[in-house]
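Below is one structure; the comments refer to it alone.
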Amino acid sequence: MPKGTPNPVDMYGISPRPWGFEVSLVRNGVRYARLFGHASYGGPQQALRRAQAWRDTIVKEHPPVARKDRAQTLRSNNKTGEPGVFSRLSAQGKPVAWLAKTYLGNEEILRAEFDLADWGPAARAHAIGERQRQLGRMVGLARLHPAEEAIRQRPPPDDEAALPPKRSKSEIVRRNNTSGVSGVQFKTPRAGHPGYWVAITYSAGKGSVSRSFSVRTLGYEVARDMAIAERQQQLQAKTSDDDA
C-alpha cells in the first residue's frame, strides 16, 4: 500500500512474499510472527486463508494496550523515575522546576510546571500528582489501526474447521519435481538411458526408503503410476511407525 495508506482489513498485518505470506504484529513490545508458504498449504489462496485466520486470532487475543497504560511506561531517556515528569535545569545544570506533561492527541498537550522557588522540595510531588490528573483525561487504545476493531468484532468463519492444514515436508511438491506428486521423481542416469521413476521417503532418524521402476521394462506411464502407488505405501508405513 502507498505510504500513509492503511492496509485493508483482509491484508492487515500480512505481507505478500514471493513464496507465500508473512504475518507480523507487535503487542506490548512483543512481536508475533509466522510464515505461511504457498507450498506448505497447497497454493496461494489456501496459504492466505491460513494467514488471515492466525492473524485474526492474535488480534482478538492481544488487543492494543490502553493509551493510559502505555503513557505510564518509563522511557529509556527518562531520568526522573516518573513517566511524564521532568526536571527543568538552569544554564548551570541545576534543577529549577518540575514539569508534568501528557500528550492527549489531536495536538492537545497538557503541561504544568512547579518552580522550586515557589514550591520547594514539594515541587516534585506536585508534578507527580498533576501527571496523574492529566492521565485521567486520556482514553482509548494505543495506536488503533482501522482494521483492528473490525477484526475483533467479526465472528469466526463458519468453515474454520475446514481451513487447509499445514502440509508436512513429505507432502510438499518441490519446484524441480516433474511428477506432480511429492516424493516421486523421474531420473535418467546418463544420456540415452530411458530412465526410471523413483519413490523415496525420508524419516527423521531412520534414513530413507526408496524404490525404482524402470521405464524400459514397464513403460513410462506404468512406471510412473507404480512409483506413485509405492510412495503412498511408504507414507502409510511412515505414519504407522510414527504412531507406534
Side-chain angles (χ1 to χ4, degrees), residues 1-66 70 141-185 199-206 208-209 227-244:
M1 297 294 294
K3 186 176 181 180
T5 303
N7 284 341
V9 174
D10 287 347
M11 295 306 294
Y12 171 60
I14 301 176
S15 300
R17 304 298 185 207
W19 41 263
F21 300 92
E22 178 179 2
V23 181
S24 180
L25 296 168
V26 177
R27 289 293 182 272
N28 303 331
V30 178
R31 182 173 297 278
Y32 297 86
R34 185 171 292 185
L35 307 179
F36 298 83
H38 297 162
S40 295
Y41 291 92
Q45 291 184 347
Q46 296 90 324
L48 179 58
R49 287 178 62 202
R50 267 297 178 183
Q52 290 169 335
W54 188 78
R55 182 273 318 275
D56 289 0
T57 298
I58 297 300
V59 168
K60 292 176 181 179
E61 292 182 352
H62 304 277
V65 298
R70 187 188 65 174
L141 298 177
R143 304 175 67 177
L144 183 64
H145 188 282
E148 290 265 355
E149 197 60 29
I151 291 173
R152 278 197 293 274
Q153 290 185 1
R154 68 184 180 187
D158 296 334
D159 60 345
E160 186 172 11
L163 288 173
K166 185 176 183 179
R167 295 179 173 183
S168 65
K169 291 183 178 180
S170 61
E171 296 176 300
I172 296 176
V173 179
R174 307 298 176 183
R175 292 182 180 179
N176 61 348
N177 186 299
T178 57
S179 69
V181 178
S182 65
V184 177
Q185 285 280 9
I200 184 169
T201 299
Y202 296 91
S203 297
K206 299 180 181 180
S208 63
V209 176
I228 292 174
E230 170 64 20
R231 166 66 168 171
Q232 295 304 315
Q233 293 179 8
Q234 292 173 3
L235 288 175
Q236 290 175 4
K238 176 183 178 180
T239 301
S240 298
D241 291 342
D242 292 342
D243 293 340

| Are Gln232 and Gln236 linked by a side-chain donor-acceptor pair shorter than 3.5 Å? |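 Distance-only check fails for Gln232 and Gln236.
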
Would a 4.5 Å heavy-atom cut-off, applied to side chains only, mark [X] and [Y] as touching?
X: Leu48; Y: Met11; answer: yes
X: Ile14; Y: Phe36; answer: no
X: Leu25; Y: His62; answer: no
X: Gln185; Y: Ile200; answer: no
X: Val23; Y: Tyr32; answer: no

Rounded at 0.5 Å granularity, tell me how far [atom1] in [X] sits from [atom2] in [Y].
X: Arg55; Y: Ile151; atom1: CZ; atom2: CD1; result: 4.0 Å
X: Gln153; Y: Lys60; atom1: CD; atom2: NZ; result: 10.5 Å
X: Arg49; Y: Tyr41; atom1: CZ; atom2: OH; result: 12.5 Å
X: Leu235; Y: Glu230; atom1: CG; atom2: CD; result: 10.0 Å

Looking only at heavy atoms, which two atoms of [X] and [Y] are closest? And how far apart?
X: Val9; Y: Ala150; value: CG2-CB, 4.2 Å
X: Ala51; Y: Phe21; value: CB-CB, 4.3 Å
X: Ala47; Y: Gly37; value: CB-O, 3.7 Å
X: Ala227; Y: Ala199; value: O-CB, 3.3 Å
X: Gln234; Y: Val209; value: OE1-O, 3.6 Å

| request: Take Glu148 and Arg27 through the test salt bridge (charged side-chain N to carboxylate O under 4.0 Å, His left out) and record every step on the way to the result. | output: CA-CA 12 Å; Glu148 290 265 355; Arg27 289 293 182 272; 2.3 Å; yes

